[in-house]
Amino acid sequence: MSRINTTARYGSVAKTFHWLTALLILSALALGFIAIRAPYEDSAQLAFKANLFSLHKTIGLAAFFTALLRILWAFTQQRPKLLNGDHTLEALAAETAHWVLYGAMVLVPLTGWMHHAATTGFAPIWWPFGQSLFFIPKDPILATTLGTLHYVFMILLVLTLLAHVGGAIKHAIIDKDQTLQRMLPGTPDLPEPPVKQPGHVLPILGALAVWVTTLYIGAFSGLFGHDTQAAPTAELAEVSSDWQVQSGTLGISVQQFGAEVSGSFADWTADITFDETTTEGKHGEVTVTIAIGSLTLGSVTDQALGADYLNAAGFPTATFTADILPTDSGYIAEGTLSLNGHEVPTSLPFTLELSDQSAKMSGALELDRRAFHVGDDMTDESSLGFSVAVTVELEATRAK
């Protein structure tokens, strides 16, 4: 069998690319379908679900690079002519589907890869080249858009594949020609294709029209909207504090499947009483109130806010109340953290830079999620770490 194409048949390289691409795409589609529907109620189920997604992503990348090689090879070869090239409308539809498939084979795995790169955490790609793309920032809105594109393009890919398979079956059963045999192993005797063939311009324009229509339908149906069933976010009352927070971050990070997943709470308040000149040991008090629903934690945000974890619906706020005490290297806030309906003694060591009437504070601590009954079903630390790192940074000015 010749490695190169002729006007009547495909060569061995084109056939190999065709069936390898088909195997990878169908495998990735099946794995994605199963992974989305897999439960994750305990450590074993979550690990299985993550492995399914990792395998889906890894095979998807293999499909992407195989499709690129297939397309590059196709551009170096003459394409066998259609056996029904003189049937104008049918031939035009076949060629249009061919160009739609070329685009989908690249864009579906590419948008999936980009969505993965824009998302923090969960189900790594199994390869040694990292999880990021240099031109894709970590951004939840961008990740949502890319995830939607991946879904919309996947639907188009599935529909076009069904049309492609249906056409092949029609050729074999109804037309009884040898269109399908041209892509099977071996070198069957094939008739010369008809001289009349569809041109290249109309099928390409038709494929572009299909892509534009697909995007329009996706946008019109609201798939690209960013409104989600978000957890309720408590409205925090304003505080009248001796020190007014001007800016700050309250961040957390966890280990999931051996990788760090970081996030932060967007909405929190701090009621601070502090006197640096006191000599009685206690320098002041602080009460921090956190809106749990304002958390963003990469791809696992919804899971983290769920009833089995931080339970934002049942306990919409967390409160840390503490006394501010001096230490040899700075200060420590000694008090109690109330989270998820449980109160646990908590200490936050921090450094403080004072300048005139302003202050800059930086602190960090580690919590054990089990003390607050967060993720009780996640008993395997390799799936979800027990330790949660908390970082606090803020700048405040003394109230006049």
Side-chain angles (χ1 to χ4, degrees), residues 1-30 59-60 62-109 153-211 214:
M1 183 193 306
S2 173
R3 290 184 294 109
I4 63 174
N5 298 351
T6 69
T7 57
R9 59 172 54 90
Y10 291 95
S12 60
V13 176
K15 291 181 181 181
T16 301
F17 274 132
H18 176 275
W19 292 111
L20 180 58
T21 305
L23 175 63
L24 292 171
I25 287 176
L26 292 176
S27 299
L29 286 172
I59 292 178
F64 170 72
F65 289 114
T66 302
L68 282 182
L69 291 174
R70 175 186 176 181
I71 292 170
L72 290 174
W73 175 257
F75 284 149
T76 68
Q77 301 290 300
Q78 58 182 328
R79 187 163 185 265
K81 295 181 180 180
L82 299 178
L83 296 183
N84 63 343
D86 52 349
H87 299 172
T88 304
L89 291 179
E90 186 177 346
L92 181 60
E95 287 292 273
T96 300
H98 163 79
W99 287 107
V100 172
L101 268 179
Y102 269 11
M105 287 189 302
V106 172
L107 288 175
V108 171
F153 293 162
M154 180 272 295
I155 295 296
L156 180 59
L157 172 63
V158 170
L159 293 176
T160 311
L161 283 174
L162 290 174
H164 182 68
V165 172
I169 294 173
K170 174 184 178 295
H171 280 288
I173 297 177
I174 298 177
D175 299 338
K176 299 185 184 302
D177 63 26
Q178 294 177 299
T179 295
L180 179 59
Q181 284 88 329
R182 295 199 302 183
M183 193 53 78
L184 296 176
T187 54
D189 294 330
L190 298 173
E192 281 298 319
V195 175
K196 185 178 180 181
Q197 295 287 322
H200 296 299
V201 176
L202 282 179
I204 292 175
L205 292 177
L208 289 174
V210 170
W211 283 102
T214 300

Worksheet entry | side-chain contact (heavy atoms from CB on, under 4.5 Å) between V210 and W99, worked out | CA-CA 10 Å; V210 170; W99 287 107; over 6 Å; no
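Distance check: L184 CG to Y10 OH gives 12.0 Å after rounding to the nearest 0.5 Å. To the nearest 0.5 Å, the span separating OG1 on T96 from CG on L202 amounts to 8.0 Å. We find the CZ-CD distance between R79 and Q197 to be 9.5 Å, quoted to the nearest 0.5 Å. Once rounded to the nearest 0.5 Å, the distance linking CG of L23 with NE2 of H18 reads 12.0 Å. Put simply, CG on L83 and OG1 on T179 are 4.0 Å apart, with the number rounded to the nearest 0.5 Å. Note that CG of L107 is 14.0 Å distant from CE of M154, once rounded to the nearest 0.5 Å.
The minimum heavy-atom distance linking W73 with R3 is given by the pair CZ2-O, 3.6 Å. In terms of heavy-atom proximity, W19 sits nearest to M183 at NE1-O, 2.7 Å. Between T88 and K196 the shortest heavy-atom distance is OG1-NZ, 3.3 Å. Scanning all heavy atoms of the two residues, the minimum distance from R9 to P80 falls at O-CG, 3.3 Å. Contact detail for L180 and A168: the closest heavy-atom pair is CD1-CB, 4.3 Å. In terms of heavy-atom proximity, T6 sits nearest to Q78 at CA-NE2, 3.6 Å.
Around the NE2 atom of H98, the shell of radius 6.0 Å holds more than 12 heavy atoms that belong to other residues, nucleotides or ligands. The number of heavy-atom neighbours closer than 6.0 Å to CG of L69, taken from other residues, nucleotides and ligands shown, is above 12. In L89, the CG atom is not crowded: 12 or fewer heavy atoms of neighbouring residues, nucleotides or ligands sit closer than 6.0 Å.
A donor-acceptor pair is defined here as one N or O able to donate and one able to accept, closer than 3.5 Å; such a pair exists between the side chain of R182 and the backbone of A8. Counting only distance, with no hydrogens or angles, the side chain of Q77 and the backbone of N5 share a donor-acceptor pair below 3.5 Å.
Legend: salt bridge (charged side-chain N to carboxylate O under 4.0 Å, His left out) pairs involving residues 165-175, not counting sequence neighbours, sorted by first then second residue: E90-K170, K170-D175.
Among V165, T160, V158, the one residue that satisfies the side-chain contact (heavy atoms from CB on, under 4.5 Å) test with L162 is V158. Each of L159, I155, L161 was evaluated against L157; a single residue qualifies, L161, per the side-chain contact (heavy atoms from CB on, under 4.5 Å) test. Among L20, T21, T16, V13, the single residue meeting the side-chain contact (heavy atoms from CB on, under 4.5 Å) criterion with R70 is T21.
Not counting sequence neighbours, H171 has no partner by the ring-ring contact (aromatic ring centres under 6.0 Å, His included) test.
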